[in-house]
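Just so you know, residue 1 is the first one in the sequence shown, and it goes up from there.
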Amino acid sequence: MKIINPTRHLLAMLCMQAMLIPAEADAKSNYDAGKPFGFCTRTSRTDSSSACAYEVTGGGTLAYPIPSTVKSVITLKSNGGDMKKAIGNALKKYSVVVLDGSAGDFIVSSKISVSKLTNRTLIGINGATVRTQWRVSDEIRSALDKAGVPHMKTSGGSGGKLTNGTMVKEEVEYNTRQTIINMTGDTEETYRTAGVLSMNRCSDIVIRNIRFYGPGSIDVGGSDLLSIHGCKNVWVDHCEFYDGEDGNFDITNSSDFVTVSWCTFKYNANSYMHQNTNLVGYSDKEPKGYLNVTFAFNHWGEGCRQRMPMARVGKIHMLNNYYTCTGNIAAINPRKNSEFLIEGNSFASGITHVFSENDAIGYVWTPTNRAISAKVPEPMSMGSVTVPYVYTEMNVDLVPEEVGKYAGATLVTDDDWK
């Protein structure tokens with residue numbers, strides 16, 4: 001029988017804790033509750049009563065490791081090939097899908113489309129990264145340059161009928177798509193489905209700690225990295241979005257009660273144009289009363305040009321977000337029938353385009369926002385906008401450090417310690 005010296009054992013435990021606690025503390029901000037908050041926890045855009053509270057549970061868990069009480073769980077690792085079918089089938093059959101990145105990135109040949117799912121958690125561990133198979137190559141960028149696409153109109157202009165018979169109105173999109181058809185011979189334009197995940201009419205969804213990589217933004221009316229259509233009570237937290245073909249993450253078609261928190265949105269050299277990162281509402285025809293979204297503690301960084309977000313119809317709460325997207329042409333953009341409450345957001349030096357609106361019902365720009373560039377005039381608020389939930393606003397002076405450090409797929413999981 002082995003006898004344990006109690007004093008020695010206690011010292012060993014204290015040393016172990018001393019090694020683990022700093023790393024765990026570095027993985028999450030003190031301002032991060034680690035649970036759903038904001039609009040995803042509501043069923044009303046105005047009523048703050050307990051009757052309108054909604055408990056987002058996902059598939060029965062919010063974090064990793066998975067509790068033993070949750071039985072419908074599958075863990076996937078990359079097999080080095082196309083993982084589209086495996087991930088799609090897992091989401092349809094299991095309440096909790098764990099993407100384990102220890103065997104490499106998950107490659108998908110085209111976007112995964114799922115419909116009418118309820119109570120699902122999709123969570124990444126060990127650096128889980130999902131990438132589109134198709135990429136905007138140097139050859140494509142060179143051909144588009146040669147065709148003069150960067151100097152064409154992105155709205156209107158002279159479109160036409162593609163050689164595959166499709167009519168395209170916008171000049172840039174028409175010439176971009178025709179150039180790629182000429183290069184590849186792909187008359188079906190299969191590359192336009194180069195997204196990761198499209199969710200339709202789903203509810204009680206949790207997506208956390210995953211990196212989404214697209215082919216590079218390009219004006220072809222293609223797929224988003226993540227898109228939710230007609231979905232309710234969705235929490236997307238601590239994810240990273242790079243180089244979405246059309247958008248990085250769009251919320252449309254009467255989706256409602258969504259929170260996007262501690263996420264990052266960026267573009268790199270793979271992107272050609274159309275770096276329009278986040279769209280809420282697909283058109284001015286969206287029905288009123290939906291698309292209520294909380295964007296909190298997110299980071300819009302390198303390469304983002306506009307739509308951070310651009311939103312129609314919904315009530316949008318912008319809380320303590322961080323903008324370092326130097327060279328952008330628009331950031332926060334209220335549009336048709338929308339309402340915005342904008343609090344404690346930090347805009348880094350050199351960002352002069354922070355706000356523009358078009359036919360919004362109302363917007364409130366509080367004094368707690370911080371735009372460093374002296375060229376930025378403070379927007380004048382219009383009307384009164386409130387949200388039906390309790391929240392804590394971070395001091396805006398802390399936003400660059402806290403959000404800059406902790407946003408993204410930064411959650412520490414048990415497997416990360418192995």
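- The closest side-chain donor-acceptor pair between D243 and S271 falls under 3.5 angstrom.
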Derivation and outcome, side chain to side chain contact (heavy atoms under 4.5 Å, CB included), residues E189 and L162
CA-CA 11 Å; E189 299 185 280; L162 301 174; 3.9 Å; yes
Donor-acceptor contacts under 3.5 Å from residues 273-282 side chains, at least two apart:
| residue | atom | partner | partner atom | Å |
| --- | --- | --- | --- | --- |
| H274 | ND1 | D246 | O | 3.1 |
| H274 | NE2 | N276 | ND2 | 3.4 |
| N276 | OD1 | Q306 | NE2 | 3.0 |
| T277 | OG1 | N248 | ND2 | 3.0 |
| N278 | OD1 | W300 | NE1 | 2.7 |
| N278 | ND2 | F249 | O | 3.1 |

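- Side-chain contact between K315 and F39 is present, with at least one heavy-atom pair separated by less than 4.5 Å.
- Side-chain contact check for L62 versus D237: every heavy-atom pair is 4.5 Å or farther apart.
- S203 and T118 are linked by a side-chain donor-acceptor pair at a separation below 3.5 angstrom, with hydrogens and angles left out of the test.
- Few gaps surround CZ on F37; more than 12 heavy atoms of other groups in view lie less than 6.0 Å from it.
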Side chain to side chain contact (heavy atoms under 4.5 Å, CB included) between V97 and R120, intermediate numbers included
CA-CA 8 Å; V97 178; R120 293 291 193 276; 6.0 Å; no
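- Not a single donor-acceptor pair under 3.5 Å links the side chain of T166 to the backbone N or O of K161.
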Please evaluate residues S29 and K405 with respect to the criterion side chain to side chain contact (heavy atoms under 4.5 Å, CB included), reporting the C-alpha separation (whole Å), side-chain torsions for both, the decisive distance (0.1 Å), and the verdict.
CA-CA 8 Å; S29 168; K405 182 175 183 180; over 6 Å; no
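- In this structure, L341 and E339 have side chains that are not in contact, with every pair of non-hydrogen atoms separated by 4.5 Å or more.
- Side-chain contact between L197 and I207: present, with at least one pair of heavy atoms (C-beta onward) separated by less than 4.5 Å.
- In this structure, N320 contributes its side chain and G344 its backbone to a donor-acceptor pair below 3.5 Å.
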Result block: side-chain N/O donor-acceptor pairs under 3.5 angstrom for residues 66-75, not counting sequence neighbours:
| residue | atom | partner | partner atom | Å |
| --- | --- | --- | --- | --- |
| K71 | NZ | S68 | O | 2.9 |
| S72 | OG | S95 | N | 3.0 |

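- Side-chain contact between E402 and Y322: absent, with no pair of heavy atoms (C-beta onward) separated by less than 4.5 Å.
- The ring-ring contact (aromatic ring centres under 6.0 Å, His included) with H317 is formed by just one residue from the set F340, F295, Y363, Y389; it is Y389.
- Checked by atom type, the side-chain pair Y272/D145 shows a donor-acceptor distance below 3.5 Å.
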Would you list the atom pairs, donor with acceptor, under 3.5 Å between side chains in residues 324-335 and any protein atom, with sequence neighbours excluded?
| residue | atom | partner | partner atom | Å |
| --- | --- | --- | --- | --- |
| T324 | OG1 | H299 | NE2 | 2.8 |
| N328 | ND2 | A330 | O | 3.2 |
| N328 | ND2 | H353 | O | 2.8 |
| N333 | ND2 | S356 | O | 2.9 |
| N333 | ND2 | S356 | OG | 3.4 |

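- No donor-acceptor distance shorter than 3.5 angstrom exists from the side chain of E171 to the backbone of M152, with no hydrogens or angles considered.
- In this structure, the side chain of T132 does not engage the main chain of A194 through any donor-acceptor pair within 3.5 Å.
- Heavy-atom minimum distance, T61 versus A63: OG1-O, 3.0 Å.
- Here the side chain of N298 pairs a donor or acceptor atom with the backbone of C263 at under 3.5 angstrom.
- When every heavy atom of S223 is checked against every heavy atom of E245, the shortest pair comes out as N-OE1, 3.0 Å.
- Closest non-hydrogen pair, Y213 versus V196, comes out as O-CG2, 4.4 Å.
- With a 4.5 Å cut-off on side-chain heavy atoms, R131 and Y242 do not count as touching.
- A side chain to side chain donor-acceptor pair (under 3.5 Å) check over residues 79-89, counting only residues at least two apart or in different chains, returns the pairs D82-S109, K84-S110.
- The side chain to side chain donor-acceptor pair (under 3.5 Å) pairs that include a residue from residues 390-400 are E343-Y391, T368-E393, R370-D397, where partners are two or more places apart or lie in different chains.
- For the pair H238 (side chain) and A409 (backbone), a donor-acceptor distance under 3.5 Å is absent.
- Between atom CG of residue N175 and atom CD of residue Q178 there is a gap of 8.5 Å, rounded to the nearest 0.5 Å.
- Considering all non-hydrogen atoms of both residues, A296 and N321 come closest at C-OD1, 3.5 Å.
- For the residue pair T57/D204, the side-chain donor-acceptor check at 3.5 Å is satisfied.
- To the nearest 0.5 angstrom, I123 atom CD1 is 11.5 Å from D100 atom CG.
- Closest of all the heavy-atom pairs between S158 and Y174 is O-CD2, 4.4 Å.
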Please report the C-alpha distance between L76 and Y94 in whole Å, then the side-chain angles of each, then the deciding distance to 0.1 Å, and finally whether the side chain to side chain contact (heavy atoms under 4.5 Å, CB included) criterion is met.
CA-CA 12 Å; L76 299 178; Y94 294 88; over 6 Å; no
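- Not a single donor-acceptor pair under 3.5 Å links the side chain of R45 to the backbone N or O of N292.
- Between the CZ atom in R177 and the CG atom in D186 there is a gap of 11.0 Å [rounded to 0.5 Å].
- Neither side chain, T184 nor Y191, offers a donor N or O lying under 3.5 Å from an acceptor on the other.
- When all heavy atoms are compared, the tightest approach of T179 to A143 is CG2-CB, 3.8 Å.
- T121 contributes atom OG1, which lies 10.5 Å from atom CG of L91 (distance to the nearest 0.5 angstrom).
- Using bins of under 30°, 30° to 60° and over 60° for the plane-to-plane angle, the ring pair F212/F241 lands in the parallel bin.
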Which atom pairs, donor and acceptor, lie under 3.5 Å between side-chain atoms of residues 378-385 and protein residues at least two apart or in another chain?
| residue | atom | partner | partner atom | Å |
| --- | --- | --- | --- | --- |
| S381 | OG | W365 | N | 2.8 |
| S381 | OG | W365 | O | 3.4 |

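- The main-chain N or O of C52 is never found under 3.5 Å from a side-chain atom of D47 such that the two would form a donor-acceptor pair.
- Between the K28 side chain and the V412 main chain, no donor and acceptor come within less than 3.5 Å of each other.
- Between the NE2 atom of H229 and the CD1 atom of I251 there is a distance of 11.0 Å, given to the nearest 0.5 Å.
- With rounding to the nearest 0.5 Å, the separation of CG in L99 from CD1 in I210 is 4.5 Å.
- Distance alone, capped at 3.5 Å, is enough to place a donor-acceptor pair between the S255 side chain and the T252 backbone.
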